[in-house]
Amino acid sequence: MIVRRTILKQDLVKKLYPDSISIKSAMQQLRNEIDICPVLKQRIEQAGNTKRHYYTIQQLLLILEHFCITLEEFEQL
């Protein structure tokens with residue numbers, strides 16, 4: 001299994017919200033989920049810049065932990 005250093009936000013939401021109508025709505029769902037949990041939002045901001053089109057591996061692991069998904073399960077999605 002190859003673990004990349006970054007993952008595009010669009011690729012992440014495609015896997016987390018496969019039934020979403022569009023990428024835009026899936027991105028909105030992820031933003032809403034992050035905004036609901038201020039602790040998660042703070043930890044993601046501390047792990048790196050959030051204004052880019054990608055998440056770092058640390059940010060990805062924090063998001064997956066919030067959704068109770070392991071990295072292996074995420075790779076299989």
Side-chain angles (χ1 to χ4, degrees):
M1 175 175 71
I2 298 172
V3 179
R4 299 182 312 196
R5 291 178 40 200
T6 61
I7 183 166
L8 290 175
K9 291 179 180 180
Q10 291 182 353
D11 293 341
L12 174 63
V13 297
K14 283 179 191 176
K15 290 185 176 188
L16 291 180
Y17 303 103
D19 297 330
S20 186
I21 295 172
S22 67
I23 297 294
K24 193 173 188 176
S25 64
M27 289 293 295
Q28 186 62 43
Q29 285 180 309
L30 181 62
R31 281 192 296 271
N32 289 342
E33 186 70 32
I34 291 172
D35 287 341
I36 288 173
C37 184
V39 174
L40 175 63
K41 186 174 182 176
Q42 181 183 14
R43 290 174 68 194
I44 290 172
E45 288 173 356
Q46 290 174 348
N49 190 351
T50 58
K51 300 293 183 188
R52 296 192 173 128
H53 295 288
Y54 59 86
Y55 284 123
T56 64
I57 190 67
Q58 293 88 6
Q59 291 169 324
L60 174 65
L61 292 174
L62 290 170
I63 292 169
L64 294 179
E65 178 185 326
H66 178 73
F67 285 104
C68 300
I69 300 173
T70 65
L71 191 57
E72 291 80 22
E73 290 172 336
F74 176 72
E75 291 293 326
Q76 293 175 359
L77 291 177

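Each residue takes its place number in the sequence, starting with 1. Please read these numbers as outputs of a predicted model, since none were measured by experiment.
In terms of the side chain to side chain contact (heavy atoms under 4.5 Å, CB included) criterion, residue partners of Tyr17 (sequence neighbours excluded) are, by chain and number, Val13, Ser20, Ala26, Gln29, Leu30, Glu33, Phe67. Applying the side chain to side chain contact (heavy atoms under 4.5 Å, CB included) test to Leu40 and every residue at least two apart in sequence or in another chain returns Ile34, Cys37, Ile44, Leu62, His66. Legend: residues meeting side chain to side chain contact (heavy atoms under 4.5 Å, CB included) with Lys24, ordered by chain and number and at least two apart, are Ser22.
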- Message: Let's go through Glu65 and Leu61 carefully: what are the C-alpha distance in whole Å and the side-chain angles of both, what is the deciding distance for side-chain contact (heavy atoms from CB on, under 4.5 Å) to 0.1 Å, and is it a yes or a no?
- Response: CA-CA 6 Å; Glu65 178 185 326; Leu61 292 174; over 6 Å; no

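In terms of modelled atom types and a separation under 3.5 Å, the side chain of Gln59 and the main chain of Gly48 share a donor-acceptor contact.
Nearest heavy atoms, Lys15 versus Glu75: NZ-O, 4.1 Å. When all heavy atoms of Lys51 and Asn49 are compared, the closest pair comes out as N-OD1, 2.9 Å.
Atom NZ in Lys9 sits 8.0 Å away from atom NE2 in His53 (nearest 0.5 Å).
A donor and an acceptor atom, one from each side chain of Arg31 and Gln28, are located under 3.5 Å apart.
By the 6.0 Å contact criterion, CD on Gln58 is enclosed, its count of non-hydrogen atoms from other residues, nucleotides or ligands being greater than 12.
The same ILVMFWY cluster, assembled from side-chain heavy atoms under 4.5 Å apart, contains both Ile23 and Leu60. Both Ile57 and Tyr55 sit in one connected hydrophobic cluster of ILVMFWY residues. Membership requires side-chain heavy atoms under 4.5 Å apart, directly or through other members. Using a 4.5 Å cut-off between side-chain heavy atoms of Ile, Leu, Val, Met, Phe, Trp and Tyr, with links allowed through other members, Leu8 and Leu16 fall into different hydrophobic clusters.
Put simply, the residue from Ile36, Asp35, Thr50 that forms a side chain to side chain contact (heavy atoms under 4.5 Å, CB included) with Lys41 is Asp35.
Looking at Leu12 and Phe74, their side chains come closer than 4.5 Å, going by heavy atoms from C-beta outward.
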